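Encoded as structure tokens, the structure appears first; notes follow it.
Below, all heavy atoms of this structure are taken into account, side chains as well, without hydrogens, waters or symmetry copies. Numbered from 1 within each chain, the chains take letters A, B, ... in sequence-line order. The structure displayed is predicted, hence computed values, not measured ones.
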There are 2 protein chains.
Amino acid sequence: MHTPPMIGKNIQRIRSARKLTLNVLSERSGVSKAMLSQIESDKVNPTVATVWKIARGLNVELNDLLEADDEPKRIFSLNPAAEDAAKLEKKQDGITIRVLSPLSMVEELEMYLLTFEPHAALVSEPHFPGTQEYLTIVKGTVKVTVGDNTAELKRGDFLMYHCDTDHAIYNDSNQPAIVHMVVRFSPDRR
Amino acid sequence: MHTPPMIGKNIQRIRSARKLTLNVLSERSGVSKAMLSQIESDKVNPTVATVWKIARGLNVELNDLLEADDEPKRIFSLNPAAEDAAKLEKKQDGITIRVLSPLSMVEELEMYLLTFEPHAALVSEPHFPGTQEYLTIVKGTVKVTVGDNTAELKRGDFLMYHCDTDHAIYNDSNQPAIVHMVVRFSPDRR
DNA sequence: TCGATGAGTTCAGTATACTGAACGCAGTTT
DNA sequence: AAACTGCGTTCAGTATACTGAACTCATCGA
């Protein structure tokens with residue numbers, strides 16, 4: 001963070017995206033309509049407490065109002081010989097699936113970057129026996145269910161499981177979540 | 001974020017970790033000593049602008065002062081059959097290396113979670129020809145150099161490269177950085 | 001044409017964030 | 001001891017964040 005935050009712009013953007021009036025947001029946040037108006041037009045330096053109340057009213061993280069807009073995810077390939085970086089992107093039901101692994105390794109394992117919109121879920125059928133999945137949480141929080149077991153994960157957490165039973169990844173929160181996923185196919189399959 | 005932030009505690013923790021006096025931090029941040037004292041003891045609701053100035057003075061992200069303490073990274077294993085999750089942890093030169101991949105796949109590939117303290121660097125000799133590395137940035141920003149090529153990466157970015165030449169990962173910033181790394185050994189080696 | 005409703009803005013008053021200076025309290029020095 | 005230095009706290013004054021009410025300007029029916 002090298003520039004002062006642009007709180008007003010962020011609040012206005014989210015509020016109009018949610019189609020809320022100042023009156024409604026005022027009620028939901030407990031911050032006066034007058035103050036909201038002045039904050040949105042950068043006429044005041046709000047206190048942290050006030051911005052926090054607004055974040056609650058908007059159902060977003062405090063940081064979402066203080067940070068600049070989320071940058072897009074990028075894929076680099078630093079070696080000419082690694083040129084076959086797959087950039088496939090699929091979008092469905094609030095989930096963006098980005099294939100990271102090159103085609104050359106599609107038989108042994110696959111790597112994905114999964115972006116979950118708020119409340120999106122990725123439900124999977126059982127894979128081939130012996131298949132394993134490895135998750136690393138890059139952003140937000142997700143809930144993972146494998147058979148009868150469940151885990152709550154947050155940024156930096158790592159999870160591994162056999163996925164020859166039903167398994168699912170949920171984003172319960174109001175924030176987007178990003179998950180790095182490695183699928184390793186059973187050597188038996190090959 | 002479901003509870004109001006504990007700014008005072010965070011500032012005090014970082015300030016004393018840095019061994020700074022209120023006078024010094026006041027000079028470096030442009031916030032009066034009196035105000036710093038009152039913020040640290042939760043006697044006031046500081047404005048965002050003030051907290052931002054303090055963050056600059058401490059050389060940390062604004063969010064680091066507003067969020068609760070950074071939770072430790074956790075490793076889960078959701079399936080009894082995947083019980084051999086390695087939890088090896090090595091620390092050297094400001095870098096924590098956590099082995100994520102189970103021993104059963106050590107021949108084909110390895111997965112790590114790397115935590116870089118501010119300004120830490122991980123410099124590697126060339127690996128066996130054909131070896132590839134795949135990086136996903138979980139937190140912070142890092143600079144990666146492979147041979148003559150360099151890339152700046154931030155959270156959510158993904159990078160792949162052949163690592164049969166010299167390669168290095170730097171954390172130039174004042175923030176810790178977390179990187180997920182997959183090393184895939186050349187099939188020829190096996 | 002004229003209220004009436006509902007949007008965002010402006011106004012005047014009060015609460016409080018913020019400052020520089022004074023203060024109290026250690027540990028050192030003389 | 002007394003004087004000094006450097007730490008964090010408290011004080012009194014000023015700037016301003018914040019509020020409820022008044023205001024403006026649309027859009028909508030009668």
Side-chain angles (χ1 to χ4, degrees), chain A residues 1-69 174, chain B residues 1-69 174:
Chain A
M1 167 89 46
H2 299 296
T3 63
M6 313 214 318
I7 304 166
K9 284 270 170 51
N10 288 334
I11 293 175
Q12 178 140 52
R13 194 188 67 244
I14 297 174
R15 180 174 66 86
S16 51
R18 298 261 212 289
K19 300 215 166 59
L20 301 173
T21 69
L22 289 184
N23 271 308
V24 172
L25 180 54
S26 171
E27 266 188 28
R28 303 218 318 187
S29 64
V31 175
S32 72
K33 181 172 70 158
M35 187 43 38
L36 292 174
S37 171
Q38 294 179 59
I39 292 173
E40 285 192 354
S41 44
D42 284 327
K43 294 201 169 67
V44 291
N45 288 317
T47 63
V48 173
T50 301
V51 178
W52 181 79
K53 285 194 229 164
I54 297 172
R56 293 224 60 187
L58 287 172
N59 254 316
V60 299
E61 292 289 326
L62 177 56
N63 200 39
D64 293 335
L65 301 184
L66 302 178
E67 251 184 0
D69 232 341
N174 293 301
Chain B
M1 168 88 47
H2 299 294
T3 63
M6 313 214 318
I7 305 166
K9 284 269 170 50
N10 288 334
I11 294 175
Q12 178 141 47
R13 196 189 66 244
I14 297 174
R15 180 173 68 85
S16 51
R18 297 259 212 289
K19 299 215 167 58
L20 301 173
T21 69
L22 289 183
N23 271 309
V24 172
L25 180 54
S26 172
E27 266 188 29
R28 304 218 318 186
S29 64
V31 176
S32 71
K33 181 173 69 158
M35 187 43 38
L36 291 174
S37 171
Q38 295 182 58
I39 291 173
E40 285 192 353
S41 44
D42 285 327
K43 293 202 170 65
V44 291
N45 288 316
T47 63
V48 173
T50 300
V51 179
W52 180 80
K53 284 194 229 165
I54 298 172
R56 293 225 58 188
L58 288 172
N59 254 316
V60 299
E61 293 288 327
L62 177 56
N63 200 40
D64 293 335
L65 301 184
L66 303 178
E67 252 184 2
D69 229 341
N174 294 300

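- Taking atom CD of residue B:Glu40 and atom P of nucleotide D:dG8, one finds them 8 Å apart after rounding to whole Å.
- Scored by the side chain to side chain contact (heavy atoms under 4.5 Å, CB included) test, A:Ser26 finds A:Lys33, A:Leu36 as partners (sequence neighbours excluded).
- Looking at residues 19-34 of chain A, you'll see A:Thr21, A:Leu22, A:Asn23, A:Lys33, A:Ala34 sit with a heavy atom under 4.0 Å from some atom of DNA chain C.
- With contacts defined as side-chain heavy-atom distances shorter than 4.5 Å, the pair B:Val48/A:Thr47 does not qualify.
- Applying the side-chain hydrogen bond (donor to acceptor under 3.5 Å, both in side chains) criterion to B:Ser29, with sequence neighbours excluded, gives no partner residue.
- Between A:Asp64 and A:Asn10 there is no side-chain heavy-atom pair separated by less than 4.5 Å.
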Contact list (N/O, under 3.5 angstrom) for nucleotides 12-17 of chain C vs protein:
residue	atom	partner	partner atom	Å
C:dA17	OP2	B:Asn45	N	3.4
C:dA17	O5'	B:Asn45	O	3.4

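- Atom-to-atom, CG of B:Leu36 to C1' of D:dC7 comes out at 14 Å; the value is rounded to the nearest Å.
- Judged as a side chain to side chain contact (heavy atoms under 4.5 Å, CB included), and not counting sequence neighbours, the contacts of B:Ser41 are B:Lys43.
- We find that CD1 of A:Ile39 is positioned 14 Å from C1' of C:dT9, with the value rounded to whole Å.
- The side chain to side chain contact (heavy atoms under 4.5 Å, CB included) with A:Val31 is formed by just one residue from the set A:Ile54, A:Val51, A:Leu25; it is A:Ile54.
- Rounded to an integer number of Å, the gap from A:Asp42 CG to D:dC18 P is 13 Å.
- Here the shortest heavy-atom pairing between B:Gly57 and B:Arg28 reads O-NH2, 2.6 Å.
- Between B:Arg15 and D:dC7 there is no side-chain polar atom (N or O) within less than 4.0 angstrom of OP1 or OP2.
- For the side chain to side chain donor-acceptor pair (under 3.5 Å) condition, the pairs that include at least one residue of residues 14-25 of chain B, sequence neighbours left out, are B:Arg15-B:Glu40.
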